[in-house]
Asker: 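Take a look at this one; I'll ask things after.
Given the structure is predicted, the values throughout are model-derived calculations rather than measurements.
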Amino acid sequence: MRGIAIGNLVLFALSIASVGCSTPTPGPAFFVAPPPLGDDSNTGTDAAPFATLDRARSAVRAINRSMSSDINVYLHGGKYELAQTISFDQNDSGTNGFHVIYRNYPGEVPVISGGRRIVDWTRTTNGIFKASAQNLQFRQLYVNGVAAERARSPGSDSYYRLQSWDASSRTLVIEKDKISDWANLNQVEMHVLMSWTVNVFRIASYSISGDYAIIVPMEPERTLMFPNDSFSRYLQQPNEPYYFENAMEFLVSPGQFYLNSNTNEVFYMPRPGEDMTSAEITAPSVETLISVHGTLDNPVRKLRFYGLSFAHSGWIAPNSQGLFSYFNSYQSSGAPVSAIYMNAADSIRFERNNFHHIGGSALGLDTATHDNEVIGNVFSGISSNAINIAVTLNDNRTDTRLKINGNIIRNNFLTKVGTQYEASVGINLGASTGTIIEHNEISYVTYSGISEYSSDLENTLIHYNNIHHVMTLLDDGGGIYTVSNLTGNFISENYVHDIVGSPWRVFSPGVSGIYLDEASTLITVSNNVVENADIGLSLQTVGLGAFDNTMVNYIYDVRGNISRNIFLSDDTFDPSAVKANAGIDSAYQDILSGGPAL
């Protein structure tokens with residue numbers, strides 16, 4: 001087998017890609033393999049494969065205007081290191097009702113990587129090694145397939161507590177012993193967790209006043225953090241958790257790294273057993289791995305991506321602009337870049353792929369995306385949201401061609417989401433119509449499992465999902481969270497469990513299995529089961545309120561195993577059947593059998 005080892009990625013990718021593809025299928029086919037076997041001067045046969053997806057795409061374009069069967073492009077195992085985004089447009093579509101399919105060669109694992117190898121490490125002091133950063137501005141680093149931690153203070157999974165915000169001086173106040181005259185102070189970031197949001201900003205300066213330090217953010221972050229509005233002041237509360245990140249002084253534990261952009265050097269402290277002379281160390285260099293982007297009048301159509309692994313994408317805008325989120329959208333830096341981005345795309349299918357080591361969001365469906373399918377994929381180790389629908393967050397009301405409709409998210413496994421940007425969700429659903437989200441398993445997400453937030457979101461069906469161990473850091477959210485007028489939306493037969501508030505939360509007394517927040521309207525919630533949650537069902541009754549919703553056969557089990565029926569229950573409702581049917585269907589259960597280190 002032609003292949004590579006990226007932690008446990010190879011074995012897992014084999015498990016999710018091997019079903020149903022034991023041999024190449026008939027019809028036109030091209031083959032791709034990494035060098036030295038692959039060469040773009042080859043003919044593209046299995047005996048003489050191309051080396052790159054770009055070359056295979058060009059070969060497809062030469063024959064896809066008069067298709068009489070599917071065209072298959074088989075990728076042999078190995079790593080395909082991208083120098084730039086691979087872009088598919090309307091010229092790459094399947095025609096005459098047939099598909100162009102980019103898929104793994106049976107039994108092999110192709111990895112589409114946006115990373116670059118960091119080599120030639122030398123020992124410094126205190127067990128730390130350094131190497132040239134190759135002029136990359138990365139926020140992630142991977143060693144032998146395992147994510148390193150960006151050096152931080154306090155250490156992993158710990159936080160300090162903020163003293164106060166001062167909107168009049170546009171500063172923050174902390175205890176004075178939490179900050180010091182660190183070298184390269186302007187490279188140090190402060191991350192503040194604020195209920196359902198997060199503020200990330202660089203430090204311009206600080207001063208000491210008694211027992212406290214007064215932090216001055218850099219621009220443009222300072223202006224963005226302190227707009228003259230009451231809502232921002234409401235979010236800026238004392239006692240909010242925070243940490244510092246990216247200073248050489250924080251590099252004290254194995255598995256941590258620090259990037260000094262001034263000297264173009266990266267520093268790393270190896271874990272036990274890691275040999276820096278042979279370790280494979282990768283930093284992201286490409287943000288969007290694949291773009292599927294047609295035009296409003298001529299969308300990309302009928303592409304399929306099957307059995308591939310997408311890894312090592314990046315997102316560097318927060319380095320220079322900070323990061324400020326609000327309902328999973330972002331007020332600076334734009335939305336997190338998606339490793340796979342779709343715009344003006346119809347009938348595109350992603351099936352049995354693996355998204356891992358993603359520096360922004362994993363998969364983004366933006367405007368004019370229709371009837372696309374995301375089925376049987378694994379998303380793990382995602383820095384921001386796993387799946388974004390309506391990336392640009394605009395309500396689509398002016399040009400009907402911009403509408404997002406008919407997309408299906410089914411039988412996917414999403415876990416370890418929000419690993420760097422805490423205001424992240426598993427599936428983030430904005431302005432769209434007729435989206436179906438069903439039979440997914442969503443776990444270990446820093447904020448909500450599924451979030452619906454747009455006032456132009458209609459006829460969504462969220463059912464048969466297994467959602468658990470979300471809300472692991474932030475508060476005021478839930479397994480399924482809604483806000484706004486959601487006409488014709490159904491939330492039914494989901495099993496939501498083990499939703500317990502983080503000890504670091506500030507705002508809420510607890511978190512909810514299902515949370516209909518302010519202005520949530522015209523939603524039918526029926527036949528759901530919630531167990532072991534701080535709150536089973538939340539209906540926001542202050543502010544705009546949640547109203548005109550229908551609740552039927554709703555059961556939850558709060559912590560302490562006190563079972564209660566909420567609203568109407570009848571003899572036909574079987575909670576055990578809901579629990580048994582929720583989550584990934586039997587045909588895709590193999591994707592849960594193993595995977596990258598989580």
Side-chain angles (χ1 to χ4, degrees), residues 114-115 136-143 146-159 187-194 196-202 221 241-247 250-251 253 255-259 266 268 282-288 310-325 328-330 332-339 355-364 379-388 414-426 428 444-448 470-474 502 504 596-598:
L136 299 176
Q137 295 296 313
F138 48 87
R139 300 173 66 85
Q140 300 85 29
L141 190 72
Y142 306 102
V143 182
V146 179
E149 179 181 63
R150 205 168 182 228
R152 56 175 282 176
S153 176
S156 179
D157 300 323
S158 296
Y159 301 86
Q187 293 183 18
V188 177
E189 296 175 356
M190 188 170 175
H191 296 231
V192 184
L193 280 55
M194 308 159 61
W196 64 87
T197 71
V198 60
N199 276 193
V200 178
F201 60 91
R202 296 164 298 160
E221 295 97 312
Y242 75 91
Y243 62 96
F244 297 107
E245 195 173 64
N246 199 47
F250 306 156
L251 184 51
S253 299
Q256 291 185 322
F257 79 97
Y258 161 64
L259 173 65
V266 58
Y268 176 70
T282 303
S285 65
V286 175
E287 296 191 328
T288 295
F310 302 103
H312 310 136
S313 65
W315 183 41
I316 64 170
N319 286 3
S320 58
Q321 302 175 41
L323 175 66
F324 309 96
S325 68
N328 323 118
S329 63
Y330 292 85
S332 74
S333 306
V337 168
S338 299
F355 296 79
H356 189 52
H357 293 339
I358 302 299
S361 291
L363 178 62
F379 299 81
S380 68
I382 313 300
S383 294
S384 185
N385 301 327
I387 300 174
N388 269 332
L414 299 83
T415 190
K416 281 292 200 179
V417 176
T419 57
Q420 285 194 300
Y421 309 115
E422 293 85 356
S424 297
V425 302
N428 197 38
Y444 299 100
V445 183
T446 47
Y447 185 50
S448 296
V470 300
M471 300 299 304
T472 61
L473 269 180
L474 299 188
S502 162
W504 300 104
L598 301 179

Asker: Locate the shortest heavy-atom distance separating Ala386 from Val417; write the atom from each residue and the value.
Answerer: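 In this case the closest contact between Ala386 and Val417 is N-CG1, 3.8 Å.
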
Asker: Would you confirm whether Gln420, through its side chain, and Arg139, through its main-chain N or O, come within 3.5 Å as a donor-acceptor pair?
Answerer: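 Yes.
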
Asker: With no hydrogens and no angle check, is any side-chain donor or acceptor of Thr288 less than 3.5 Å from a backbone partner on Ser338?
Answerer: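 It does hold such a pair.
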
Asker: Please identify which of these residues, Thr415, Ile358, Asn385, Leu414, meets the side chain to side chain contact (heavy atoms under 4.5 Å, CB included) condition with Phe379.
Answerer: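 Going through the options one by one, the only one that passes is Leu414.
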
Asker: With distance as the sole test, does Asn199 use its side chain to make a donor-acceptor pair with the main-chain N or O of Phe324 at under 3.5 Å?
Answerer: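 Between the backbone of Phe324 and the side chain of Asn199 there is no qualifying donor-acceptor contact (under 3.5 Å).
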
Asker: Looking only at heavy atoms, which two atoms of Ser158 and Trp504 are closest? And how far apart?
Answerer: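 So the two residues come closest at CA-CZ2, 4.2 Å.
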
Asker: Is it possible for you to check whether Arg152 lies under 6.0 Å from the centre of the six-membered ring of Tyr159, through NZ or CZ, and within 45° of that ring's axis?
Answerer: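 Yes, Arg152 lies over the aromatic ring of Tyr159.
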
Asker: List the atom of Trp315, the atom of Gly359, and the distance in Å for their closest heavy-atom pair.
Answerer: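 Closest pair (atom of Trp315, atom of Gly359, distance): CB-O, 3.8 Å.
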
Asker: Indicate whether the side chain of Glu422 and that of Thr446 have a donor and an acceptor atom separated by less than 3.5 Å.
Answerer: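 Note: Glu422 and Thr446 side chains miss the donor-acceptor criterion.
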
Asker: Identify which one of Leu259, Leu251, Asn246 satisfies the side chain to side chain contact (heavy atoms under 4.5 Å, CB included) criterion when paired with Arg150.
Answerer: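 That would be Asn246; it is the only one of Leu259, Leu251, Asn246 passing the side chain to side chain contact (heavy atoms under 4.5 Å, CB included) with Arg150.
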
Asker: Apply side chain to side chain contact (heavy atoms under 4.5 Å, CB included) to residues Glu221 and Arg202 and explain how you reach the verdict.
Answerer: CA-CA 7 Å; Glu221 295 97 312; Arg202 296 164 298 160; 2.7 Å; yes

Asker: Looking only at heavy atoms, which two atoms of His191 and Val200 are closest? And how far apart?
Answerer: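 Shortest heavy-atom contact: ND1-CG2, 3.4 Å.
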
Asker: Side chain to side chain contact (heavy atoms under 4.5 Å, CB included) for Phe250 and Tyr243? Distances and angles first, verdict last.
Answerer: CA-CA 11 Å; Phe250 306 156; Tyr243 62 96; over 6 Å; no

Asker: Show the nearest heavy-atom pair for residues Pro154 and Tyr242, with the distance to one decimal.
Answerer: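 Looking at all heavy atoms of both residues, the closest pair is CD-O, 4.3 Å.
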
Asker: Is it the case that the side chain of Glu287 and the backbone of Ile316 share a donor-acceptor pair, with hydrogens and angles ignored and the cut-off at 3.5 Å?
Answerer: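 The answer is yes, because a donor-acceptor pair under 3.5 Å joins these two groups.
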
